[in-house]
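Report on the following structure.
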Amino acid sequence: MAKQKKFNITGICIPQLHYMVDTSDKINEIIQDYIECNEYFTINRARQYGKSTTLELLYNRLTEYLVLDISFEAADDCFTSLHTMVQGIISKISRVLSRSGVPKELTAIWNRPITPELPLDSLSEKITEFCAASKREVILMVDEVDQAADNQVFLSFLGLLREKYLKRSTGRDDTFKNVILAGIYDVKNLQRKLRPGSSVHYNSPWNIAAEFQVDMGFSAEGIEGMLLEYEQDKQTGMDITAMAELIFDYTSGYPFLVSYLCKLLDEKVQGREGFPDEKSAWTQRGLQEAVKELVKGPNTLYDDMIKKVEEYPDLSSMLQNILFRGREYPYHEYNKAMNMGKMLGFISEQAGVAVISTRIFETQLYNYFISEELSKNIDTNDAIPSKNQFIKEGRLDMDLVMRKFYEYYTSLYRREDEKFTEEYGRKIFLIYLKPIINGKGNFYVEAETRDKTRTDIIVDYGGRQYVIEIKIWHGQEYNKAGEKQLSEYLEHYHLEKGYLLSFCFNKKRKQAGIREVTCGSKEILEVVI
């Protein structure tokens, strides 16, 4: 009997054991654009972005070559000196050769002793003789290169590879056809690995490497293919296309997050109260339950995110301005804080602007910043109404949430000036909202509508969605346009009622209060402060 496949979130994904997105087109691209072109390159992507799985799939495709696949994981003792590094690399490759079925004569060349006084020269001669004697072209593949990237002796190894690469191009040396390094950090610029305040190293002997431009994220179509295989096994009756698009919307194709949500739906959500079977789990409501579980954490992705946010005050400030104030930051490769966020996967570049890369990460960052604010401001926390009054028969009474916010805001912030309200109004609302929906609900902000004048917040609670548009009041005509925009947004989400929260600074024309209006076929509860 064949072993039941699972969704995998740890280690390498194996096609025979795990449900996987088909990445054969990406492997083909790597082979065509890099392997066949004799390129040296680094696959540097965020943690748990499929680097090791990609190397494994690539290894299985490169059967016409002799691939020396090693890893620097748990290899700290290899980099205490040049001699130990060289001996460690030789030892690792020797173990690969012992399982690769290469001729004994070739293995013997590699296993010859090195000269202790000149270990790098010995390694260079060994590589030359080995590659010249091999009937197949030789590829060196190194995973977990981050373990070595901030060691000076590793720079010496890269320098050796660079020297041999340059000599090969002029026909004066035999060496590896390709060298592939895989890790989080780009070893072209090792200063990214260093802590704030450390000395900065901008130069790297890895400047010979080609830019690795293969998109390793999953598309909605790729996720759909994986779900199709799952559906053939499980027969849940899910709408495969719709589920794939929903998963992509939350994850932006981040491989770990995609697999984690699917794993939660398959193993955790079904069987819970309200989700008695697989059919009920693989729905929009089931996915919201999985998202709620995933956002809770902890996991290594969140650990790295929060660690870097705390280490880099500039990054923290930038993220809060993006999230709460709708500010745009032009993306620049040499902005250390911004680039650190991109390298670790929670910031991406979109149309030249830095944005939060996924809704999952955005929600986690919102939760972190809001919890920090609540822990510092006890008066604000105490003033938030008890959440029990807002939950009726398991459903969120959003009308009451909005009406009580009017009271909450006017009692705490009515004396604040216009600039304060414009800068912090939306943050105040989210700080108010979070404790109310905490535990059973989530919210996210639509990136397309987040700017200085408008923000659309989507609240998921108990399988239902609520849309709240927050904007600055700029007169009655502008308000009418806002109602129309919200009405169209409600149509997109198949909702009949929405909420409009306006901050008004014109004291002469201020129309503070709460009213219900109809816009087309949609009902809107408007709160003007």
Side-chain angles (χ1 to χ4, degrees), residues 30-31 34-43 55-56 58-73 75 77-145 147-148 151 153-183 187 205-206 208-210:
I30 294 172
I31 292 173
Y34 298 91
I35 301 300
E36 293 177 355
C37 295
N38 301 321
E39 300 284 13
Y40 285 21
F41 59 98
T42 302
I43 302 177
L55 290 183
E56 180 68 17
L58 189 58
Y59 176 87
N60 292 331
R61 285 283 303 277
L62 298 177
T63 54
E64 63 185 283
Y65 304 105
L66 174 54
V67 181
L68 307 177
D69 60 317
I70 64 174
S71 172
F72 285 159
E73 187 170 17
D77 55 346
C78 286
F79 301 98
T80 56
S81 69
L82 280 175
H83 185 271
T84 57
M85 179 192 68
V86 169
Q87 195 60 59
I89 291 171
I90 291 172
S91 177
K92 287 177 179 295
I93 292 178
S94 181
R95 289 195 291 271
V96 173
L97 295 175
S98 68
R99 59 172 169 76
S100 298
V102 300
K104 293 181 179 179
E105 298 80 6
L106 196 58
T107 302
I109 291 173
W110 186 260
N111 288 333
R112 288 174 187 165
I114 62 170
T115 303
E117 295 80 12
L118 297 170
L120 278 178
D121 277 355
S122 291
L123 179 59
S124 178
E125 292 175 10
K126 188 184 293 290
I127 292 171
T128 296
E129 190 175 356
F130 181 85
C131 291
S134 177
K135 293 181 179 179
R136 292 183 288 169
E137 293 181 291
V138 184
I139 296 173
L140 177 63
M141 187 183 288
V142 185
D143 199 6
E144 299 294 341
V145 74
Q147 302 300 318
N151 285 284
V153 293
F154 179 68
L155 288 179
S156 300
F157 177 57
L158 292 182
L160 170 66
L161 295 175
R162 179 182 186 275
E163 179 186 24
K164 298 182 76 62
Y165 172 89
L166 294 174
K167 285 185 176 180
R168 183 195 69 178
S169 64
T170 60
R172 292 189 289 132
D173 200 356
D174 290 301
T175 188
F176 302 118
K177 172 183 175 65
N178 310 102
V179 175
I180 309 168
L181 309 180
V187 294
W206 200 237
I208 57 169

Flag, side chain of S98 to backbone of R95, donor-acceptor distance under 3.5 Å: yes

Tell me, yes or no, whether the heavy-atom count around K92 atom NZ, taken from other residues, nucleotides or ligands under 6.0 Å, exceeds 12. yes

Straight-line distance of E129 CD to I109 CD1, nearest 0.5 Å: 4.5 Å

Pairwise distance OG1(T175) to CG(L140) - rounded to 0.5 angstrom: 9.0 Å

Quick one: list whatever passes side-chain contact (heavy atoms from CB on, under 4.5 Å) with S94, sequence neighbours left out. W110, N111

Is there a donor-acceptor pair under 3.5 Å between the side chain of K164 and the backbone N or O of S124? yes

Which of V138, V102, I93 passes side chain to side chain contact (heavy atoms under 4.5 Å, CB included) with F130? Answer is V138

Run I35 and I180 through side-chain contact (heavy atoms from CB on, under 4.5 Å) and show every step you take. CA-CA 9 Å; I35 301 300; I180 309 168; 3.8 Å; yes

For N38, all residues meeting side-chain hydrogen bond (donor to acceptor under 3.5 Å, both in side chains), sequence neighbours excluded: K177

Which of parallel (below 30°), tilted (30 to 60°) and perpendicular (above 60°) describes Y34 and F41? tilted

Suppose we screen for side-chain contact (heavy atoms from CB on, under 4.5 Å). Which residues come up paired with A132, at least two apart in sequence or across chains? D174

Measuring from L123:CG to H83:NE2, what's the distance to the nearest 0.5 Å? 11.5 Å

Spell out, as yes or no, whether a donor-acceptor pair under 3.5 Å connects the side chain of S81 to the backbone of T84. yes

How close do D77 and T80 get, counting heavy atoms only, and between which atoms? O-OG1, 3.6 Å

Listed by chain and number, what are the side-chain contact (heavy atoms from CB on, under 4.5 Å) partners of S156, not counting sequence neighbours? L82, L120

Could you list the donor-acceptor pairs under 3.5 angstrom formed by side chains in residues 66-73, with sequence neighbours left out?
{"from": "D69", "atom 1": "OD1", "to": "R99", "atom 2": "NH2", "distance (Å)": "3.0"}
{"from": "D69", "atom 1": "OD2", "to": "R99", "atom 2": "NH2", "distance (Å)": "3.3"}
{"from": "S71", "atom 1": "OG", "to": "E73", "atom 2": "N", "distance (Å)": "3.1"}

Could you tell me whether a side-chain N or O of S134 sits under 3.5 Å from a main-chain N or O of R136, the two making a donor and an acceptor? yes

Exam field: side chain T115 to backbone S122, donor-acceptor pair closer than 3.5 Å: no

Could you check whether any side-chain N or O of Y165 sits under 3.5 Å from a backbone N or O of A209, counting only pairs where one atom can act as donor and the other as acceptor? no

Rounded to the nearest 0.5 Å, what separation is found between the OG1 atom of T128 and the CD atom of E125? 7.5 Å

Kindly indicate, with the supporting measurements, whether the criterion side-chain contact (heavy atoms from CB on, under 4.5 Å) is fulfilled by L97 and L106. CA-CA 9 Å; L97 295 175; L106 196 58; 5.8 Å; no

Given W206 and L161, is the side-chain contact (heavy atoms from CB on, under 4.5 Å) satisfied, shown in steps? CA-CA 8 Å; W206 200 237; L161 295 175; 4.2 Å; yes

Sequence-distant partners of Y65, ring pair (Phe, Tyr, Trp, His ring centres under 6.0 Å), two or more places apart: none

Audit row: N60, E56, side-chain contact (heavy atoms from CB on, under 4.5 Å) steps and yes/no: CA-CA 6 Å; N60 292 331; E56 180 68 17; 3.8 Å; yes

Only one of N178, I30, I31 clears side chain to side chain contact (heavy atoms under 4.5 Å, CB included) with E36; which? I31

Please find the pair of heavy atoms, one from G88 and one from C78, that lie closest to each other, and give the distance. CA-SG, 3.9 Å

Rounded distance [0.5 Å steps], CD1 in I90 versus CE in M85: 9.5 Å

